[in-house]
Amino acid sequence: MNHNPQSSEGRHDDDAALSDFLASLMDYSPTIPDELVEHYLAKSGFQCPDVRLTRLVAVATQKFVAEVANDALQHCKARQATIPKDKKDKQQKDKRLTLTMEDLSKALREYGVNVRHQEYFADSPSTGMDPATRDE
């Protein structure tokens with residue numbers, strides 16, 4: 001066998017870094033509570049008594065949510081930029097951005113999550129029409 005001393009040294013460094021990272025998770029209090037992560041892990045059939053693993057999942061989930069929210073914000077800004085000038089003048093007074101389901105759906109689609117919301121009665125073309133004149 002051909003053993004390369006540099007590769008075993010690199011592996012030792014990786015193992016040490018991983019051990020340090022896992023140890024730091026014991027002192028870390030993630031945004032997503034351990035109980036919530038444990039609930040959804042148990043619901044999916046996974047149980048592990050190691051709190052470090054639970055916190056690792058919480059950190060990964062927090063990162064995912066932050067990335068999706070940032071991408072949705074970028075979609076919202078792009079949508080706001082395409083608004084016609086006459087409507088944009090009215091919105092200049094109120095500089096707040098409004099996150100829509102469309103923005104969130106586009107952001108999630110980039111991560112392979114397809115979101116479909118149910119069609120509401122108000123979304124129907126016949127909303128507000130007299131029942132006698134509806135074509136249904």
Side-chain angles (χ1 to χ4, degrees):
M1 280 191 187
N2 186 5
H3 291 287
N4 186 348
Q6 289 179 346
S7 67
S8 64
E9 185 177 304
R11 185 176 303 141
H12 177 69
D13 291 343
D14 290 344
D15 290 344
L18 180 60
S19 296
D20 291 344
F21 176 70
L22 289 174
S24 71
L25 287 175
M26 290 301 294
D27 300 329
Y28 179 71
S29 177
T31 304
I32 302 170
D34 292 340
E35 294 80 13
L36 182 65
V37 175
E38 288 170 357
H39 169 76
Y40 281 104
L41 287 174
K43 193 172 179 179
S44 68
F46 183 83
Q47 291 182 336
C48 181
D50 192 354
V51 73
R52 297 175 303 174
L53 185 62
T54 302
R55 291 192 179 156
L56 182 62
V57 171
V59 169
T61 304
Q62 182 178 339
K63 181 180 185 309
F64 176 74
V65 169
E67 287 179 357
V68 168
N70 186 40
D71 289 350
L73 175 65
Q74 298 310 315
H75 285 290
C76 180
K77 287 180 179 179
R79 181 176 44 82
Q80 295 286 339
T82 62
I83 294 175
K85 186 162 175 57
D86 57 332
K87 290 184 180 179
K88 196 180 279 189
D89 291 338
K90 293 177 185 175
Q91 289 183 342
Q92 288 296 332
K93 296 174 188 171
D94 186 18
K95 298 206 182 236
R96 294 181 294 175
L97 298 173
T98 303
L99 178 67
T100 64
M101 191 65 191
E102 180 184 342
D103 299 328
L104 186 59
S105 295
K106 285 180 181 178
L108 284 169
R109 200 173 306 127
E110 293 174 9
Y111 293 93
V113 179
N114 293 320
V115 177
R116 290 186 287 169
H117 59 281
Q118 291 182 349
E119 193 171 319
Y120 296 100
F121 180 74
D123 292 341
S124 171
S126 61
T127 301
M129 292 178 62
D130 182 9
T133 61
R134 277 193 205 160
D135 295 330
E136 292 185 301

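- With a 4.5 Å cut-off between side-chain heavy atoms of Ile, Leu, Val, Met, Phe, Trp and Tyr, the cluster of V51 takes in M26.
- In terms of hydrophobic clustering, with Ile, Leu, Val, Met, Phe, Trp and Tyr side chains grouped at heavy-atom distances under 4.5 Å, Y111 and V57 are assigned to different clusters.
- The same ILVMFWY cluster, assembled from side-chain heavy atoms under 4.5 Å apart, contains both F46 and L56.
- Side-chain heavy atoms closer than 4.5 Å link hydrophobic residues (I, L, V, M, F, W, Y) into clusters, and following such links, possibly through other members, connects L53 to L18.
- By the 4.5 Å heavy-atom criterion applied to side chains, N114 and L108 are not counted as neighbours.
- In terms of hydrophobic clustering, with Ile, Leu, Val, Met, Phe, Trp and Tyr side chains grouped at heavy-atom distances under 4.5 Å, L41 and L22 are assigned to a common cluster.
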T100 and R79: CA distance, side-chain angles, deciding distance, side chain to side chain contact (heavy atoms under 4.5 Å, CB included) verdict: CA-CA 10 Å; T100 64; R79 181 176 44 82; 3.5 Å; yes
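- The closest donor-acceptor contact from the side chain of R55 to the backbone of S29 lies at 3.5 Å or more, if one exists at all.
- One distance of note links SG of C76 with CG of D71; it measures 13.0 Å at 0.5 Å rounding.
- The two residues Q47 and A42 come nearest to each other via the heavy atoms NE2-CB, 4.3 Å.
- With values rounded to the nearest 0.5 angstrom, H75 atom NE2 is found 10.0 Å from N70 atom CG.
- The side-chain heavy atoms of M101 and V115, taken from C-beta on, include a pair separated by under 4.5 Å.
- Considering CG of D50 and CG of L25, their distance stands at 9.5 Å, rounded to 0.5 Å.
- Checked for salt-bridge contact, E110 and K106 miss the test: no charged N lies under 4.0 Å from a carboxylate O.
- Note on V113: it does not cluster hydrophobically with L73, by side-chain heavy-atom contacts below 4.5 Å among ILVMFWY residues.
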Evaluation steps, side chain to side chain contact (heavy atoms under 4.5 Å, CB included), between V68 and L104: CA-CA 8 Å; V68 168; L104 186 59; 3.8 Å; yes
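- Summarising the geometry, atom CG belonging to L36 is positioned 10.0 Å from atom CD belonging to E38; distances are rounded to the nearest 0.5 Å.
- Applying the 6.0 Å contact sphere to OH of Y28 captures more than 12 heavy atoms from other residues, nucleotides or ligands.
- Atom OG1 of T54 and atom CD1 of I32 lie 12.0 Å apart (nearest 0.5 Å).
- Remark: S24 engages F21 in a side-chain contact (heavy atoms from CB on, under 4.5 Å) (not counting sequence neighbours).
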